[in-house]
Peer 1: 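Next up is a structure, given as structure tokens.
Naming: A, B, ... by sequence-line order, numbering from 1 per chain.
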There are 2 protein chains.
Amino acid sequence: MGHAAKGADLPLNRILAGDCIEAMNALPAGSVDLIFADPPYNLQLRADLHRPDNSRVDAVDDAWDRFANFSTYDEFTRAWLSAARRLLKPNGAIWVIGSYHNIFRLGAELQNQGYWILNDVVWRKSNPMPNFRGKRLTNAHETLIWASREEGARYTFNYEALKALNDGVQMRSDWVLPICTGHERLKNADGDKAHPTQKPESLLHRVLVATTNPGDVVLDPFFGTGTTGAVAKMLGRDFIGIERETAYREVAEKRLSRVRRYDKSGLEVTRAKRAEPRVPFGTLVERGMLRPGEVLVSQSGKTAKVRADGTLVSADHTGSIHQVGAALEGAPSCNGWTYWTFRKDGEHVPIDVLRQQIRAEMR
Amino acid sequence: MGHAAKGADLPLNRILAGDCIEAMNALPAGSVDLIFADPPYNLQLRADLHRPDNSRVDAVDDAWDRFANFSTYDEFTRAWLSAARRLLKPNGAIWVIGSYHNIFRLGAELQNQGYWILNDVVWRKSNPMPNFRGKRLTNAHETLIWASREEGARYTFNYEALKALNDGVQMRSDWVLPICTGHERLKNADGDKAHPTQKPESLLHRVLVATTNPGDVVLDPFFGTGTTGAVAKMLGRDFIGIERETAYREVAEKRLSRVRRYDKSGLEVTRAKRAEPRVPFGTLVERGMLRPGEVLVSQSGKTAKVRADGTLVSADHTGSIHQVGAALEGAPSCNGWTYWTFRKDGEHVPIDVLRQQIRAEMR
DNA sequence: GCCAATGGTGAATCATCCA
DNA sequence: TTGGATGATTCACCATTGG
């Protein structure tokens, strides 16, 4: 690792001001173990968006996220990825994060430059912002790409640590983590969010535990309010941050001064117990366990037909298995899972049996 | 939709033999509602990155080599995506699916050609193959991209149906579905799997319910063993398949001959309110359901008087139910139908109830 | 002090019809 | 083609307030 030389040459645990490409070019080649990069996404906003209650969505419209066209964005991507690659040690690796607006361009350029993709990882947000106009799917994830400097490199991967983080089974390429809210979300003096796109520390925690060792040097060329630095410090890694905006640097400096490195025992994480996973009734239809047009029969002899979208139709009612059951019984509510049965081998079997099958597969 | 012309010009519900680009170029422009494409990952490309003796290629040659090979794949991608775009109706859409080997190149080229990305969707596999060597994360997902032909197009999205499929909450961009196994997995006579990457029918079910209507034409240029065609047929959509390999076509033909369309009542799906006929507010006054001079009260306690022409007057504003509501609330817009109430038997009832009465009479 | 009700908010390429 | 009017549309979580 060359710890003595490292300290002499590198501005460790500091935030460098200025353009990330210039700043990277001023650092010595082959000096960094890991790069985590959260570049501008190039969101292409069209107009204001309002919630159904008429409040305005505070969207990302900052100057730093605006590019004239794809070609300009690609040029920027090419330049910073190339500067980043020069800084990596031969066995170093990079993470980039993005959304569908930019991630395909990032991934293609990584490949073009000779980076070797190891995994793409999906950050599944447990609490994403909904789609307010009902025109698309809820944008509920972001994509990360993990790549080594080149094919055949001996990158760092702490397989056992991640397996432990995942209750003893292999960590998968989809990570369910909440977005950054509450006390963790940094605020300005006026109470507004300090940065529009602050990432949760849990995400960086997993990235750094997975792909670095204590003492490694982690570079973040789009440092923002310093989540990468904060988690690196907690985990006993060294960091180098680069950030152009003075306001973000100031917030990050303050944040970092308050961060304390964990002692070894502090690395334990408390894990919430998982409830039984929710299984929508529609899943049974999609998976062919029930066919659209098939007739369900209730315990009391009422019938209804299944539709392709997982709703039921009886003579007078349309809706979910629960709604139609309740309507037919004149009851305020009804558990459709136990109320409805389907025919199997001449027998009436509660549809809940099918739900249990799916849950069993998910374990 | 032009069903007569459609049948005359298009080889509906058939599998075309041959190269997909040539086959697509032989079809009439603007004739297809949806394209679902599962293109090859280009194994050629990966093989080329190693020398036959498994030696590592040197850095300079490596970069050139890689560029040349990605370039070949990109050229292929460019050609078929362009042929596909020509076939789409103006309001048509496309789905592509891939893994990190090719999805970034697909996504970037979609954007380059002017397709407009609507969502990227993660197919989260509930039962992926584990990573045996413990060198990476378990590759537990694939990525789909859903894009319209161009920005501003009026693509099909059955929002309410997908919400129903998901137990009443809007569908997210991450879909948990099992891989294709068991009896659904097609086998050759020798018991081997008939196709290496057969997709589950549940995935196509969700795609087609979400973004097509019964009677739409769905094209799959990499038809394989025909999952797209099978689900399209079940759901009452027409399909066109293109497949180069004779063996796959034969399996697909046999499979399709056994598929039955679902009963028509099962194919109906929950519709958006927008599809309901428009009822002008003035109709309520004309019909005597509300009297000129009658006072409406908002949810927030504001009042306004009904006039004979179906406008409202408050202390400071005159206009439609929506305009006066928006003005009184200082909001950019307001749905007057749910905002205003009238007195009935001493209760405040939303005026939307009266609209529903009229709509019921229209059915 | 605890629980319920209310309000705010998060990387967003977020409408359609008719004159 | 453009502009104005209509009117459809949200999930999970956290913080605050009220009882």
Peer 1: With a 4.0 Å cutoff (strictly under), does any side-chain N or O of A/K193 reach OP1 or OP2 of C/dG10?
Peer 2: yes

Peer 1: Would you say the base of D/dG7 and the side-chain of B/R355 have a donor-acceptor pair closer than 3.5 Å?
Peer 2: no

Peer 1: For the side chain of A/K135, counting heavy atoms from C-beta on, which of D/dG7, D/dC11, C/dT16 is nearest?
Peer 2: C/dT16

Peer 1: Could you state the CG-P distance from A/N54 to C/dC14, rounded to the nearest angstrom?
Peer 2: 18 Å

Peer 1: Determine whether a donor-acceptor pair (one donor, one acceptor, N or O, separation below 3.5 Å) exists between the side chain of A/D38 and the base of C/dA11.
Peer 2: yes

Peer 1: Under 4.0 Å between any heavy atoms, over every strand shown, what does A/N139 touch: base, sugar-phosphate, or nothing? Just pick one.
Peer 2: sugar-phosphate

Peer 1: Which nucleotide in the list C/dA12, D/dT6, D/dT10 gets nearest to the side chain of B/S320?
Peer 2: D/dT6

Peer 1: Just the rounded figure in Å: distance from P of C/dA15 to NZ of B/K273.
Peer 2: 18 Å

Peer 1: Closest nucleotide of DNA chain C for A/D53 versus for B/Y155: which of these residues is on the 5' side?
Peer 2: A/D53

Peer 1: What's the gap between C/dA11 and D/dG7 when it is taken at their P atoms, as a whole Å value?
Peer 2: 34 Å

Peer 1: Work out which heavy atom in A/A79 is nearest to a heavy atom in A/I21; give both atom names and the distance.
Peer 2: CB-CD1, 3.5 Å

Peer 1: With P as the reference atom in both, quote the distance from D/dT9 to C/dC17 in angstrom, rounded to an integer.
Peer 2: 14 Å

Peer 1: Between A/S55 and A/L45, which residue's closest nucleotide on DNA chain C lies nearer the 5′ terminus?
Peer 2: A/S55

Peer 1: Does a nitrogen or oxygen in the side chain of A/N131 sit under 4.0 Å from OP1 or OP2 of C/dC14?
Peer 2: no

Peer 1: Would you say a side-chain N or O of A/R51 is under 4.0 Å from OP1 or OP2 of D/dT10?
Peer 2: no

Peer 1: Phosphate oxygens OP1/OP2 of D/dC11: is one of them under 4.0 Å from a side-chain N or O of A/K125?
Peer 2: no

Peer 1: Are OP1 or OP2 of D/dC14 and a side-chain N or O of A/T181 less than 4.0 angstrom apart?
Peer 2: no

Peer 1: Could you tell me how far apart B/I117 (CD1) and C/dA11 (C1') are, to the nearest whole angstrom?
Peer 2: 15 Å

Peer 1: Could you walk me through whether A/R105 and B/Q111 pass the side chain to side chain donor-acceptor pair (under 3.5 Å) test, one step at a time?
Peer 2: CA-CA 9 Å; A/R105 316 201 80 85; B/Q111 292 178 314; 2.9 Å; yes

Peer 1: Rounded to the nearest angstrom, tell me the gap between atom CG in A/N127 and atom P in D/dC11.
Peer 2: 14 Å

Peer 1: Within the distance-only criterion (no hydrogens, no angle test), does the side chain of B/T341 pair as donor or acceptor with the backbone N or O of B/V297 below 3.5 angstrom?
Peer 2: yes

Peer 1: Please tell me which of the listed nucleotides, D/dT6, D/dC11, C/dA11, lies nearest to the side chain of A/Y41?
Peer 2: C/dA11

Peer 1: What contact category does A/N42 fall into here, base, sugar-phosphate, or nothing, at under 4.0 angstrom with non-hydrogen atoms?
Peer 2: nothing

Peer 1: Taking atom P of D/dT6 as reference, at what distance in whole Å does atom CZ of B/F281 sit?
Peer 2: 12 Å

Peer 1: Looking at D/dG18, which nucleotide sits across from it as a Watson-Crick or G-U wobble partner, both distances under 3.5 angstrom, or is there none?
Peer 2: C/dC3

Peer 1: Whole Å only: how far is the CD1 atom of A/I179 from the C1' atom of C/dA12?
Peer 2: 13 Å

Peer 1: What's B/W116 touching, base or sugar-phosphate or nothing? Going by heavy atoms closer than 4.0 Å.
Peer 2: base

Peer 1: Is there a donor-acceptor contact under 3.5 Å from the side chain of A/E243 to the main chain of A/G224?
Peer 2: yes

Peer 1: Grab the CG-P distance between A/L49 and C/dA15 for me, whole Å please.
Peer 2: 8 Å

Peer 1: Is the shortest side-chain N/O distance from B/R172 to OP1 or OP2 of D/dC11 below 4.0 Å?
Peer 2: no

Peer 1: Taking CD in B/E361 as the centre, count heavy atoms belonging to other residues, nucleotides or ligands within less than 6.0 Å. Is the count above 12?
Peer 2: yes

Peer 1: To the side chain of A/V57, which of C/dC17, C/dA12, C/dA11 is closest?
Peer 2: C/dA12

Peer 1: Would you mind pulling out the nucleotide paired to D/dT10, Watson-Crick or G-U wobble, both distances under 3.5 Å?
Peer 2: none

Peer 1: Ignoring hydrogens and angles, are the base of D/dA8 and the side chain of B/S333 linked by a donor-acceptor pair under 3.5 Å?
Peer 2: yes

Peer 1: B/K163 side chain N/O closer than 4.0 Å to the phosphate oxygens (OP1, OP2) of D/dT9?
Peer 2: no

Peer 1: Is A/R185 near enough to C/dA11 that one of its side-chain N or O atoms lies under 4.0 angstrom from OP1 or OP2?
Peer 2: yes

Peer 1: Can you find a donor-acceptor pair, distance only, under 3.5 Å between A/K199 side chain and C/dA11 base?
Peer 2: yes

Peer 1: Please determine if a side-chain N or O atom of B/H322 lies less than 4.0 Å away from the OP1 or OP2 oxygen of D/dT6.
Peer 2: no

Peer 1: Tell me whether the side-chain N/O atoms of B/Y159 come closer than 4.0 Å to OP1 or OP2 in D/dT10.
Peer 2: yes

Peer 1: Keeping the roles fixed (side chain from A/N188, backbone from A/G191), state whether a donor-acceptor pair exists under 3.5 Å.
Peer 2: no

Peer 1: For B/Q323 and D/dT6, is the shortest distance between a side-chain N/O and OP1 or OP2 below 4.0 Å?
Peer 2: yes

Peer 1: Measure centre to centre between the rings of B/W116 and B/Y155, then say whether the value is under 6.0 Å.
Peer 2: no

Peer 1: Nearest-Å distance, CH2 (B/W340) to P (D/dG7)?
Peer 2: 15 Å

Peer 1: A/W95 and side-chain contact (heavy atoms from CB on, under 4.5 Å): which partner among A/T211, A/L203, A/I145?
Peer 2: A/T211

Peer 1: Across the strands shown, which category fits A/P128 at heavy-atom distances under 4.0 angstrom: base, sugar-phosphate, nothing?
Peer 2: base

Peer 1: Would you confirm whether the ring centroid of A/H205 sits within less than 6.0 angstrom of the ring centroid of A/W175?
Peer 2: no

Peer 1: Both distances under 3.5 Å, Watson-Crick or G-U wobble: report the partner of C/dA11, or none.
Peer 2: none

Peer 1: Any base atoms under 4.0 Å from B/E160, or only sugar-phosphate, or nothing? Heavy atoms, all strands.
Peer 2: sugar-phosphate

Peer 1: Looking at every strand, decide which applies to B/L118 at a 4.0 Å heavy-atom threshold: base, sugar-phosphate, or nothing.
Peer 2: nothing

Peer 1: Base, sugar-phosphate or nothing for A/P39? Non-hydrogen atoms, less than 4.0 Å.
Peer 2: base

Peer 1: Base, sugar-phosphate or nothing for A/S126? Non-hydrogen atoms, less than 4.0 Å.
Peer 2: sugar-phosphate

Peer 1: Can you tell me the base-pairing partner of C/dC17? Count Watson-Crick or G-U wobble geometry only, both distances below 3.5 Å, and say none if there is no partner.
Peer 2: D/dG4

Peer 1: For A/T138 and for A/R133, find the nucleotide of DNA chain D with the closest heavy atom, then tell me which residue's nucleotide is more 5'.
Peer 2: A/R133

Peer 1: Rounding to an integer number of angstrom, what distance separates C/dG8 and D/dT10 when you compare their C1' atoms?
Peer 2: 13 Å

